[in-house]
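Throughout, a chain's letter reflects where its sequence line sits, starting with A, and its residues are numbered from 1.
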Amino acid sequence: MILTLLKSRFADALSGIADDPAQLLDMIKSSQDPKFGDYQANCAMPLGKKLGQPPRDIAAQIVERLDVADFCEPPEVAGPGFINLKLKEEWLTEQVNGILVDDRLGVTPVSEPKHVVVDYSSPNVAKPMHVGHLRSSVIGDAICRILRFAGHKVTSDNHIGDWGTQFGMIIYGYKHFVDQAGYEEDPVGELARLYRLVNQLSDYHAAVNSLPDLEQKLSAAQQALTTAEAGGEPKDKSEKKQRKALRKSVSGLEQQVGSTRKIMEAVRSSPVVSSAADEHPDIARLARLETSKLHAGDKENLKLWNEFLPACLSALQSVYDRLDVSFDLTLGESYYNPMLADVVSSLQEKGLARESDGAQCVFVEGNDAPFIIQKSDGAFTYATTDLATIQYRVKELGADEILYVVDKRQSEHFNLLFQTCQLWGFEDLKCQHVSFGTVMGDDNKPFKTRSGDNVGLESLIDEAVSRAAEIVAENDDKRPEPWLDADARAAVSEVVGSGGIKYADLHHNRDSDYKFSWDKMLATNGDSATYMQYAFARICGIFRRAETTRAFVREAGAAVRISTPQERALVLQLLSLGEAIQTALTDYRPNILCDWLLSTAERYSQFFDKCPVLKADSEELKASRLSLCELTARALELGLRLLGIKTAEVL
RNA sequence: GCCCCGAUAGCUCAACUGGAUAGAGCAGCGGUCUUCUAAACCGCAGGUUGCAGGUUCGAGUCCUGCUCGGGGUACCA
């Protein structure tokens with residue numbers, strides 16, 4: 001890696017000037033602007049400050065001692081003390097020719113591989129996956145792929161919710177409302193219907209119970225607000241704040257009352273549902289009871305659970321197949337059930353857990369809320385399961401590090417979990433909550449259908465693929481003679497559609513919320529999956545035109561020669577994959593790799609525009625450019641594959 | 001109340017964890033196809049990085065206060 005080489009030379013140059021060069025070496029990076037060269041070292045400024053000398057003098061001293069003449073032009077000192085480095089073209093040529101037949105594009109595996117367990121996707125199996133599971137699945141899968149490529153041992157684990165309250169709900173639903181014919185025809189669809197129904201009915205009764213109280217609170221708040229707005233000093237700061245808080249609580253209550261009424265109306269508007277509601281007034285408690293019966297080993301419920309689970313799992317699997325997302329393990333909550341009691345007693349023995357309001361809690365310094373590991377009714381919580389899971393992953397799997405690719409709203413839970421885990425004795429384990437933001441709709445609220453339901457993941461994929469199909473067809477129809485038959489169009493649509501979904505998610509910084517947009521997702525230009533897939537397909541087109549194959553060109557191994565700025569820029573880009581991967585992994589941000597791919601595709605498009613391959617000036621140049629094309633194709637293919645995105649030879 | 005997170009071009013988002021003149025893509029305007037896929041390329045225009053201070057050679061990035069928005073906050077996961 002170029003950066004590694006530079007760092008080692010700078011380490012030599014800095015020894016004797018600085019006592020702790022590690023931090024300074026991190027200040028060497030690729031230049032943002034080509035006019036500053038290819039790489040820049042920013043370490044002279046902090047060093048100058050530390051030594052009390054002008055940074056430019058320090059920079060000059062470093063340059064004096066720096067031995068990079070074998071691969072760089074003479075370094076230049078600029079501005080306050082930046083050291084700008086430009087790589088020699090002969091050296092770049094040598095480097096690129098060194099990776100012509102390398103599947104890894106010169107990226108060497110890490111010297112100290114870790115065993116990383118990656119926990120992602122983790123849906124509740126009782127209900128169909130929705131758009132909320134997309135980010136976790138796609139980001140988690142990409143991180144696994146990148147980690148593996150970097151040389152780490154990865155265990156991907158789908159920590160499915162297969163043991164919680166939602167199972168009590170479908171068991172209750174099955175016992176009272178099942179449509180046997182529907183269940184036999186489509187078990188998962190019927191179970192999902194039952195889940196929604198039971199959920200709706202318990203929400204209904206909760207709504208009926210809470211409405212009077214809510215209305216009372218609302219009118220009290222409204223009254224308080226009116227009083228506050230009428231009297232008092234308009235400019236008084238604390239009163240202003242108070243009014244603001246009141247307004248907020250009024251609008252919050254209004255919303256609550258509104259949604260509560262909506263829940264009631266929805267039930268009342270359907271005679272069937274309405275009478276079901278009347279016949280099952282205690283449904284919420286009874287559904288919970290089914291859950292605890294299941295946990296206690298009740299024969300009938302366990303039998304139903306064993307019957308439901310395979311069907312639910314296979315429904316999940318079909319979505320994962322479609323997304324090309326896979327797992328080494330699928331160990332759900334039920335797997336850890338037998339270990340939970342020991343977790344609690346172990347924490348009690350160590351004096352970490354104690355009783356509070358009837359529940360077993362771990363209190364972690366600096367946190368008001370306790371970490372509840374056993375509820376007052378004796379049931380365990382997901383905190384308990386998560387602790388048992390950590391224990392299992394360390395002791396049985398030998399994990400060095402665990403990543404949780406989970407919604408950022410759960411950060412407090414993970415804070416408590418990780419701190420408890422430290423106290424419990426897993427000091428050497430590194431845990432990280434790889435958090436991500438919410439997928440928003442046009443209204444800047446979480447992405448929902450018009451009726452307010454979650455968007456099903458399967459229908460989302462279907463929609464993406466069918467929109468992609470239109471684009472593919474439209475584009476192919478523009479040609480004098482279409483290139484694609486119906487089967488090929490369908491295959492390409494799948495690649496473009498699912499690639500679009502994934503890239504749209506991955507190219508955002510995972511921590512930010514992003515607004516869902518079909519148009520952006522399936523944009524055929526700009527920062528989109530299609531842009532890169534298109535660059536790849538154009539390369540394949542050249543090989544077809546040349547009546548040769550990528551394998552043949554690769555085998556021939558003609559040397560790359562740099563003859564234009566476009567070729568230089570492309571070569572430099574291709575040599576920087578290792579850096580992109582390293583940066584992407586420092587904080588598990590796949591968007592860094594997206595940037596690298598975009599930049600690679602851009603530079604290829606520029607090359608494609610300015611540098612004829614088949615009509616190059618000489619046979620030698622043609623061979624050189626064919627080699628460069630083959631290498632770029634491999635780079636795009638590899639980079640996209642690390643994100644879980646496929647390519648097609650013809651678009 | 002307390003605790004987190006965010007506010008960057010008209011829109012959607014970046015910004016390699018403190019580096020040079022804050023970048024892309026859309027949308028807008030203008031150029032480039034008898035030549036390897038125009039799903040492309042090139043150019044123009046677009047900014048007081050929410051506000052006010054502070055830290056330093058240097059701040060979108062760190063600190064303090066404020067405004068606005070989002071999320072969380074004891075037995076759902």
Using distance only, find each side-chain donor-acceptor pair of residues 47-54 of chain A under 3.5 Å and give its atom names and separation, not counting sequence neighbours.
from: A/Q53; atom 1: OE1; to: A/Q61; atom 2: NE2; distance (Å): 3.3

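- Using a 4.0 Å heavy-atom cutoff across all strands shown, A/P54 reaches no nucleic acid atom at all.
- Ion pair A/D505/A/K502 not flagged as a salt bridge, since none of the NZ, NE, NH1 or NH2 atoms sits closer than 4.0 Å to an Asp/Glu carboxylate oxygen.
- By the criterion of a centre-to-centre distance under 5.5 Å and near-parallel planes under 30°, the ring of A/F36 forms a stack with the base of B/A20.
- Among the atoms of the strands shown, only primed sugar atoms or phosphate atoms (P, OP1, OP2) are found under 4.0 Å from some heavy atom of A/K615.
- Residue contacts for A/P612: at a heavy-atom cut-off of 4.0 Å it reaches a base atom on one of the strands shown.
- Electrostatic pairing of A/K35 and A/D33 counts as a salt bridge here, judged by a charged N lying under 4.0 Å from a carboxylate O.
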Considering only nitrogen or oxygen atoms on both sides, find all protein atoms under 3.5 Å from nucleotides 1-10 of chain B and state each distance.
none

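- Within 4.0 Å of A/D357, counting heavy atoms only, lies at least one base atom of the nucleic acid.
- No engagement by A/Q533 is indicated, since no non-hydrogen atom pair under 4.0 Å with the nucleic acid exists.
- Looking at heavy-atom distances under 4.0 Å, A/A78 makes contact with a base.
- Between A/Y335 and A/D162, the side chains place no donor N or O within less than 3.5 Å of an acceptor N or O (distance only, hydrogens not considered).
- For A/K35 against B/U21, a side-chain-to-base donor-acceptor contact under 3.5 Å is present.
- For A/N509, the side-chain atoms get nearest to B/A14 when compared with the rest of B/A74, B/C76, B/A14.
- Around atom CD of A/E355, more than 12 heavy atoms belonging to other residues, nucleotides or ligands sit under 6.0 Å away.
- At a threshold of 4.0 angstrom between heavy atoms, the contacts of A/T530 include nucleobase atoms, whether or not backbone atoms are also involved.
- Partners of A/R409 according to the side chain to side chain donor-acceptor pair (under 3.5 Å) rule, which considers only residues two or more places apart in sequence or in another chain, are A/D407.
- Partners of A/W518 according to the ring-ring contact (aromatic ring centres under 6.0 Å, His included) rule, which considers only residues two or more places apart in sequence or in another chain, are A/F516.
- Within 4.0 Å of A/Q40, counting heavy atoms only, lies at least one base atom of the nucleic acid.
- Of the candidate nucleotides B/G25, B/U37, B/C41, B/U37 has the atom nearest to the side chain of A/R479.
- Nucleic acid contact for A/S376: base, since at least one base atom lies under 4.0 Å from a heavy atom of the residue.
- For A/T381, whose side chain is taken as the heavy atoms from C-beta onward, the closest listed nucleotide among B/A74, B/A77, B/A14 is B/A77.
- The residue A/D513 sits close only to the backbone: its heavy atoms come under 4.0 Å of sugar-phosphate atoms, none of a base.
- Of the charged side-chain nitrogens involved, none lies within less than 4.0 Å of a carboxylate oxygen, so that A/R589 and A/D595 do not count as a salt-bridged pair.
- Nearest nucleotide to the A/H507 side chain, out of B/C13, B/A14, B/A40: B/C13.
- Side chain A/N84 to base B/A20: a donor-acceptor pair is found below 3.5 Å.
- In this structure, the nucleotide among B/A77, B/A24, B/A39 sitting nearest to the side chain of A/L598 is B/A24.
- Counting only Watson-Crick or G-U wobble pairs whose defining distances are both under 3.5 Å, the stems of 3 or more consecutive pairs in RNA chain B are B:1-7 with B:67-73, B:10-13 with B:23-26, B:28-32 with B:40-44, B:50-54 with B:62-66.
- The side chain of A/F608 has B/C36 as its nearest neighbour among B/A77, B/G19, B/C36.
- The existence of a salt bridge linking A/D617 and A/R625 is excluded, since no basic side-chain nitrogen approaches an acidic carboxylate oxygen closer than 4.0 Å.
- Judged by atom type and distance alone, A/Y534 does not reach the base of B/A39 through any side-chain donor-acceptor pair under 3.5 Å.
- A syn base is found at B/C33: its glycosidic angle is within 90° of 0.
- In summary, the side chains of A/E579 and A/S576 do not present any donor paired with an acceptor at a separation below 3.5 Å, with no hydrogens or angles considered.
- Contact of A/N525 with B/A39 (side chain to base): no donor-acceptor pair of N or O atoms is detected under 3.5 Å.
- Residues satisfying the ring-ring contact (aromatic ring centres under 6.0 Å, His included) criterion with A/H130, sequence neighbours excluded, are A/H133.
- Heavy atoms of A/E649 sit under 4.0 angstrom from at least one base atom.
- Nucleic acid contact class of A/D519 (heavy atoms, under 4.0 Å, all strands): none.
- Within 4.0 Å (heavy atoms only), A/I592 reaches no atom of the nucleic acid at all.
- Between the base of B/A74 and the side chain of A/S356 there is a donor-acceptor pair shorter than 3.5 Å.
- Using a 4.0 Å heavy-atom criterion, one finds that A/Q32 contacts the bases of the nucleic acid, with or without backbone contacts as well.
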